Amino acid sequence: AKPPRLPMTDRPRVDILNFNFFDWDGERLLIGGAERYVLELARLIGALGAQPRIVQNANRYFSRVYAEVPVVGIPAATSMDLAAMSAGFRDAVSDAALVIASPVQLAANLATSVPVIGINHGIHWDYPNNRIDVHDVAADQRIVDAVLACTACVSVDTNFINWLRCLDAEAAARARYIPNFVDLDRFRAITKQFDLPRLELLFPRRLCAERGFHDLVEAFDSIAHRHPGLDLHLCGTGPPEDEAIATALIERHAGRVRWSQ
């Protein structure tokens, strides 16, 4: 059955599109930078007087509430085909006051008169095996088309905007640079003390290759025996194969690696 509609309210609804806030079964919360961004954005929208709703891809319809934010799962695609997801979300967001596509590729096929703001969380297609002779021009076109489907596109860094300028001036003109944020009341600069008996390295990211997790594991394995006072704190989740790597790392370095999920 389809998820129930939100009760009628005089607060305008803002739909935030995401491919996986929860896993696609709607059971397990995923923890990473993009997911945290979406949650804090939803809280900000609520504080401004609108009604946020997170819409994500799913294996079957589901409806949940997390931190007072409704989360709806829609079976829009069976794989990480963002264009298919975008088309699959079209009907669900047609009566929203505003749509936020995170990432921006989810705006590509909405074909809606509702204003759309895209979010680019950084360039992730700078793979180490990239070669000009096999460059996928169609992939570039899909990203540019997604930006052009938006009223505006927020970029968390200037690298993406510069990349857009090399391809399409109109798309680049729609980009706005708003850097990632931090709560300065909770996180303040302090003088580091490297002569303490123990030091703890924090890795607050998704556990996956593109976020440097494999490099971290290799580095810690390499230096752990030479620096017995160094500990590691993993803070995030990842795909099953990478979480298995994290579990094995904890077992190899008993008492020195901890994992918050």
Side-chain angles (χ1 to χ4, degrees), residues 12-21 32-57 76-77 80-127 130-132 134-182 210-211:
R13 196 184 79 231
V14 178
D15 283 342
I16 307 174
L17 307 184
N18 192 239
F19 50 79
N20 55 357
F21 186 77
E35 291 76 26
R36 181 71 183 191
Y37 187 105
V38 163
L39 178 59
E40 295 301 329
L41 183 58
R43 287 171 169 162
L44 177 61
I45 289 168
L48 292 173
Q51 171 62 64
R53 181 178 72 160
I54 296 173
V55 179
Q56 70 157 84
N57 194 58
M80 285 296 292
D81 184 341
L82 300 187
M85 286 185 202
S86 180
F89 293 152
R90 184 184 303 155
D91 291 342
V93 304
S94 61
D95 58 344
L98 173 68
V99 175
I100 299 175
S102 174
V104 63
Q105 289 93 318
L106 292 176
N109 292 321
L110 293 178
T112 178
S113 59
V114 177
V116 179
I117 297 175
I119 310 290
N120 174 263
H121 296 279
I123 286 178
H124 59 81
W125 50 92
D126 52 348
Y127 305 114
N130 280 348
R131 289 177 55 87
I132 190 64
V134 292
H135 180 67
D136 187 356
V137 177
D140 295 346
Q141 185 69 58
R142 287 191 292 271
I143 296 172
V144 170
D145 288 345
V147 174
L148 291 173
C150 298
T151 306
C153 176
V154 170
S155 176
V156 301
D157 61 30
T158 57
N159 190 25
F160 177 67
I161 299 174
N162 288 333
W163 180 85
L164 277 178
R165 285 176 179 147
C166 295
L167 298 176
D168 191 283
E170 182 181 352
R174 300 193 186 192
R176 301 291 184 272
Y177 169 50
I178 302 179
N180 277 328
F181 59 91
V182 64
E210 59 267 31
R211 292 294 183 254

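These numbers come from a predicted model, not from an experiment. We're numbering straight along the sequence, starting at 1. Because only heavy atoms are used, hydrogens play no part in the values below, and waters and symmetry mates are left out as well, while side chains stay in.
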Stepwise side-chain contact (heavy atoms from CB on, under 4.5 Å) test for Gln141 and Asp145: CA-CA 6 Å; Gln141 185 69 58; Asp145 288 345; 2.8 Å; yes
Trace of the side-chain contact (heavy atoms from CB on, under 4.5 Å) decision for Thr151 with Arg174: CA-CA 7 Å; Thr151 306; Arg174 300 193 186 192; over 6 Å; no
Which pair of heavy atoms, one from [X] and one from [Y], lies closest together, and at what distance?
{"X": "Leu106", "Y": "Leu110", "value": "O-CG, 3.7 Å"}
{"X": "Ala107", "Y": "Ser86", "value": "C-OG, 3.6 Å"}
{"X": "Gly122", "Y": "Asp157", "value": "CA-OD2, 3.9 Å"}
{"X": "Val38", "Y": "Phe21", "value": "CG1-CD1, 4.3 Å"}
{"X": "Asp168", "Y": "Glu170", "value": "OD1-N, 3.1 Å"}
{"X": "Arg13", "Y": "Asp95", "value": "NH2-OD1, 2.8 Å"}

Over 12 foreign heavy atoms within 6.0 Å of CZ, Arg36: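 Atom CZ in Arg36 is not packed in, count stays at 12 or less.
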Interatomic distance, [X] atom [atom1] to [Y] atom [atom2] [nearest 0.5 angstrom]:
{"X": "Ile161", "Y": "Cys153", "atom1": "CD1", "atom2": "SG", "value": "8.0 Å"}
{"X": "Trp125", "Y": "Glu210", "atom1": "CH2", "atom2": "CD", "value": "13.0 Å"}
{"X": "Phe89", "Y": "Leu17", "atom1": "CZ", "atom2": "CG", "value": "6.0 Å"}
{"X": "Leu164", "Y": "Thr158", "atom1": "CG", "atom2": "OG1", "value": "11.5 Å"}
{"X": "Asn18", "Y": "Tyr37", "atom1": "CG", "atom2": "OH", "value": "12.0 Å"}
{"X": "Phe160", "Y": "Ile143", "atom1": "CZ", "atom2": "CD1", "value": "6.5 Å"}

Answer yes or no: is there a side-chain heavy-atom contact under 4.5 Å between [X] and [Y]?
{"X": "Ile100", "Y": "Ile45", "value": "yes"}
{"X": "Ile117", "Y": "Val99", "value": "no"}
{"X": "His121", "Y": "Ser102", "value": "yes"}
{"X": "Met85", "Y": "Asn109", "value": "no"}
{"X": "Phe19", "Y": "Pro103", "value": "yes"}

Test salt bridge (Lys or Arg N to Asp or Glu O under 4.0 Å) applied to Arg142 and Asp140, step by step: CA-CA 5 Å; Arg142 287 191 292 271; Asp140 295 346; over 6 Å; no
